[in-house]
Amino acid sequence: MGEHPSPGPAVAACAEAERIEELEPEAEERPPAAPEDHWKVLFDQFDPGNTGYISTGKFRSLLESHGSKLDPHKREVLLALADSHADGQICYQDFVNLMSNKRSNSFRQAILQGNRRLCSKALLEEKGLNLSQRLIRHVAYETLPREIDRKWYYDSYTCCPPPWFMITVTLLEVAFFLYNGVSLDQFVLQVTHPRYLKNSLVYHPQLRAQAWRYLTYIFMHAGIEHLGLNVVLQLLVGVPLEMVHGATRIGLVYVAGVVAGSLAVSVADMTAPVVGSSGGVYALVSAHLANIVMNWSGMKCQFKLLRMAVALICMSMEFGRAVWLRFHPSAYPPCPHPSFVAHLGGVAVGITLGVVVLRNYEQRLQDQSLWWIFVAMYTVFVLFAVFWNIFAYTLLDLKLPPPP
């Protein structure tokens, strides 16, 4: 294949429209046309009767005549889409969506149900790739279950923007941990230090009215053993997922897991504080593992069974450590050690909202009914937890540990 990345279909369409306008003998100077005007000019060349439709055969001719200008994998996808239209016609809006890379649900369904087999070799079989291209290919096979999506991602990814969200969160967590380690003069099991809970970032049941603590607790970890596993999972799982699905979607799943984790603790383990980013980490990892299981035959990552087993063992060890620490005699009674329930809140978010995000690569989430069902469930849980925190502690006459 040629140098990566190569121009996309939208660029090729615009270039062709400009060439057509230059050849018109009576064309007058005019201001630059909007992208859709370019596509309209191109579409009209194949629809002289202004019916609003062109045949799939003409669409194939258009793609084949400009095949050298398109990324080879995208050309393959678009040709498959042209063959998948049962009525043999493509309307103007479909044409605009295709040439501008707007991959709707109908786009994916047409590809999956198309009557043309994609006959070129798999992305994994391509040779002569440089280091960055091999990395992008590796990420595609790690996260996407369909070859058509892997090829599309490989051609589209430009590393702009880079996976900044997970890297920024990880650096902040490490920075806060080092700062606390120096100030407390303790790096292992920092949570046992008598001044640990005095930090204004930790969620504490007595200070639950301070709303920022439901989120900022992720920057405080029980010790280097707690921080280490969370950082490794964030980088090994979170960064590739962000490279594919973007900072907005992965950040949404991560933050939703974090908030669900602290709210779950405030409902199910009402006397315990919360520290660590395990809620967000478990949301991402659970979503990724569930996506692999649900698309087992399509996922082509190497040693997937072994790696799933290793991930589950690591998560179980971290969860076991959290459970042990929670019920270990506290260094500052009557306040117990941090809760483990945040892990479970993260898992719940991962196997609901997270799975929907990972299963819909480049698809509009607002078009997915399951997405709205899980958003509604999450909203109901958040509202329930808010009212629980306002009224339940008083109604139950619960004895809370004194503020730090």
Identify the heavy atoms of [X] and [Y] that sit nearest to each other, and give their distance.
X    : Y    : value
P163 : Y157 : CD-OH, 4.1 Å
Q234 : S277 : OE1-OG, 3.3 Å
R249 : N360 : NH1-O, 2.7 Å
V237 : L284 : CG1-O, 4.4 Å
Y203 : A272 : CE2-O, 3.8 Å
G238 : I250 : O-CG2, 4.4 Å

Got [X] and [Y] here, is their nearest side-chain heavy-atom distance under 4.5 Å?
X    : Y    : value
V357 : W371 : yes
V355 : N291 : no
R326 : P336 : yes
N295 : R359 : yes
T352 : V356 : no
P240 : H138 : no
E318 : M315 : no
Y196 : V275 : yes

Return yes if some donor-acceptor pair links the side-chain N/O of [X] with the main-chain N/O of [Y] below 3.5 Å, else return no.
X    : Y    : answer
Y393 : S266 : yes
S262 : V259 : yes
E242 : F165 : yes
K304 : I292 : no
N389 : A385 : yes
Y214 : R208 : yes
K300 : E147 : no
R150 : A140 : no
Y217 : V258 : yes
H343 : F340 : yes

If I take atom [atom1] from residue [X] and atom [atom2] from residue [Y], how far apart are they, to the nearest 0.5 angstrom?
X    : Y    : atom1 : atom2 : value
L207 : L400 : CG    : CG    : 10.5 Å
L263 : W388 : CG    : CH2   : 13.0 Å
M299 : R146 : CE    : CZ    : 10.5 Å
L289 : L358 : CG    : CG    : 10.5 Å
Q190 : R195 : CD    : CZ    : 11.0 Å
L227 : M220 : CG    : CE    : 11.5 Å

Counting only heavy atoms not in F387, do more than 12 fall under 6.0 Å of its CZ?
no

Taking CH2 in W372 as the centre, count heavy atoms belonging to other residues, nucleotides or ligands within less than 6.0 Å. Is the count above 12?
no

With no hydrogens and no angle check, just 3.5 Å: does a side-chain donor-acceptor pair link Q186 and T192?
yes

Please determine, by modelled atom types, if H226 and S278 share a side-chain donor-acceptor pair under 3.5 angstrom.
yes

Test side-chain contact (heavy atoms from CB on, under 4.5 Å) on F381 and M377 and set out the steps.
CA-CA 6 Å; F381 167 72; M377 292 172 58; over 6 Å; no

Residue pair M243, C159: steps toward the side-chain contact (heavy atoms from CB on, under 4.5 Å) verdict:
CA-CA 8 Å; M243 289 175 65; C159 199; over 6 Å; no

For a side-chain contact (heavy atoms from CB on, under 4.5 Å) check, start with the C-alpha distance between V139 and Y153, then their side-chain angles and the critical distance, and finish with the verdict.
CA-CA 10 Å; V139 169; Y153 166 74; 3.8 Å; yes

Can the ring centres of F177 and H221 be said to be less than 6.0 Å apart?
no

For I218 and Y254, what are the C-alpha separation, side-chain angles and deciding distance, and is it a side-chain contact (heavy atoms from CB on, under 4.5 Å)?
CA-CA 11 Å; I218 68 172; Y254 186 87; 4.3 Å; yes

